[in-house]
Amino acid sequence: MTLSYEGYPSLQGDFEPARFNSQIHDCEIVGELPPDLDGTFYRVGGEWFYPPKYRDDSPFAADGIATMFRIANGSCDFASRFVETPRYLANKAARQQLFGYYRNPFTHEGEQQGQYGRADTQSNTNIIVFAGKLLALKEDAPPMELDPDTLETRGFFDFDGAYTAPTFTAHPKVDGRTGEMIAYGYEAEGLASNAIWLYTIAADGTVTSERKFAAPFLSMVHDIAISQNYVLIPVYGMVSSMERLQEGKVHWGWDRSKPSHIGVLSRHGSSNAVRWFTGPAMAMVHTFSATDRDGVITLDAAVSDGNPFPFFPDVEDAPFDGAAARTTIRRYVIDMNSADDGWTEEKRFQDKAGALSRIDDRFLGHDFRYGLLGYADEYLPFAGDAGGRRPVNSLGKFDLAGGTVESMFAGPEYGLAEVAFAPRSPDAAEADGWVMALATNYETMKSELVIGDTRDLAAGPVAKVRLPFKAPGQVHGNWVPRWMMPS
Ligand code: V55
Ligand code: FE
């Protein structure tokens, strides 16, 4: 079979796949890296090692590739490496793409037909350090452990068998004070099941509880939120079913007729009782975080009114609605004392659209004030061509209590990936430190890591790490300070 990317419009130009592993000793720096910045920025995303079987497949089905920027003493080393999933290795051995649509095992070739989970995952969505391990995550399979120094693949990690769900979220929540993880798997009782299994896992990796319950219907449960006392589970119209998979479609479709739900369950104890609240259609793909006081829960999230993903089409083939896909900051208040099963929603910062919401993770599960979000500021100049699209150009530190925002504009030539946050010191004040994001420079078509100081975001980046090529794609990334690094 001849390997060619010809005829794949989604894999040209900017989107030409990076098909190599790389290592750079001592990267070029513009400006000055903060001397106290000491740790590793790990990122993961997808690159098509072989072109997709179907040209309209979801980019979420591209092969996982991890990258790292290791920063210390004002200098930076870089490395990238494909995650050696069973799927990547099978394709490499066959020298062709054996897998069909995103999370549809009925569309795979030959022996791969019907295989899913560990067999067809890409480990391409998030990368975290937990219990002394570097883990690449994808919500359809268990975590994949990587070597924290070389990014070499070590294999699936299921907490020595104590985590029994076949799936593991890409967004586990780690309490910023206790280090306890709240993790879950959805489609936990097999393909297209609406079962969710929820776990607590101690900071040392010991699984301490398992609770099983059902969602009102099967939907993508990409992210959750935790407050001091509750776990919040968004369910919305990104749906699937065995029928649509057997029809040979991409895993998810958008169903406009579906209401949204937020499931609330106690964070503590063993009860699997979930109270499902209900509201109008929306997609809450990512949350900032939540807090609660006297049974009143406040949840901040980046939300769209409709389908945010053009590659997961409407179930009735309605055209993609760009306005409904626009994702902005919203605040939800849920009152556990009330018999009413609704919530109140407040739309905030409406001129700042961005989907990849973060906070200072030291405050997860506790009172917090600041949201961090990369967004597209329409009023700032753009010197590149991103296919008519205005890329994310600003990193915002949103004061969610006060309603104000401080922002860093990366510059007119840049488009930015998700923001990551590095605290100035282990006990620095909330959101005091550095923000960073991988940037495409549309003038050079190469990548740079831009870094800003949260004490003066308006001053722009304090440093940029320049790569001699366009870096592999990113979904999520995390700064891991030296004191958190596995040895
Ligand atoms: C998301 C990303 C995924 C996925 C499911 O951003 C949801 C949401 C990169 O893969 O498989
Ligand atoms: Fe995500």
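Computed from a predicted model, the values in this text were never measured in an experiment. Basis for what follows: all heavy atoms, side chains included, without hydrogens, waters or symmetry-related copies. Whatever order the structure lists them in is the order used to number ligands and atoms, beginning at 1.
Residue-to-ligand polar distances keep H286 apart from ligand 1: every N/O pair is separated by 3.5 Å or more. Between K138 and ligand 1, at least one N/O pair is under 3.5 Å apart.
H222 contributes atom NE2 as its closest N/O/S atom to the Fe ion (ligand 2).
Here the heavy atom of the protein found nearest to atom 7 (C) of ligand 1 is H222 ND1, 3.3 Å. The shortest contact between atom 9 (C) of ligand 1 and any protein heavy atom is with T125 OG1, 3.3 Å. In terms of protein heavy-atom proximity, atom 3 (C) of ligand 1 is closest to F60 CD1, 3.3 Å.
Legend: salt bridge (charged side-chain N to carboxylate O under 4.0 Å, His left out) pairs involving residues 42-58, not counting sequence neighbours, sorted by first then second residue: K53-E109.
In this structure, Q122 has no heavy atom closer than 4.0 Å to ligand 1.
Using the six-membered ring where Trp is involved, W254 and Y236 have ring planes that are tilted, between 30° and 60° apart.
Considering only heavy atoms from C-beta on, K347 stays 4.5 Å or farther from T328 through its side chain. Between V285 and F309, the closest side-chain pair of non-hydrogen atoms falls below 4.5 Å.
Geometry note: the Fe ion (ligand 2) is the vertex, H171 NE2 and H476 NE2 are the arms, and the angle is 100° (rounded to 10 degrees).
Each of the atoms 9 (C) of ligand 1 lies under 4.0 Å from some heavy atom of V475.
Taken from CG in N21 to CG in L151, the straight-line distance is 9.0 Å, to the nearest 0.5 Å.
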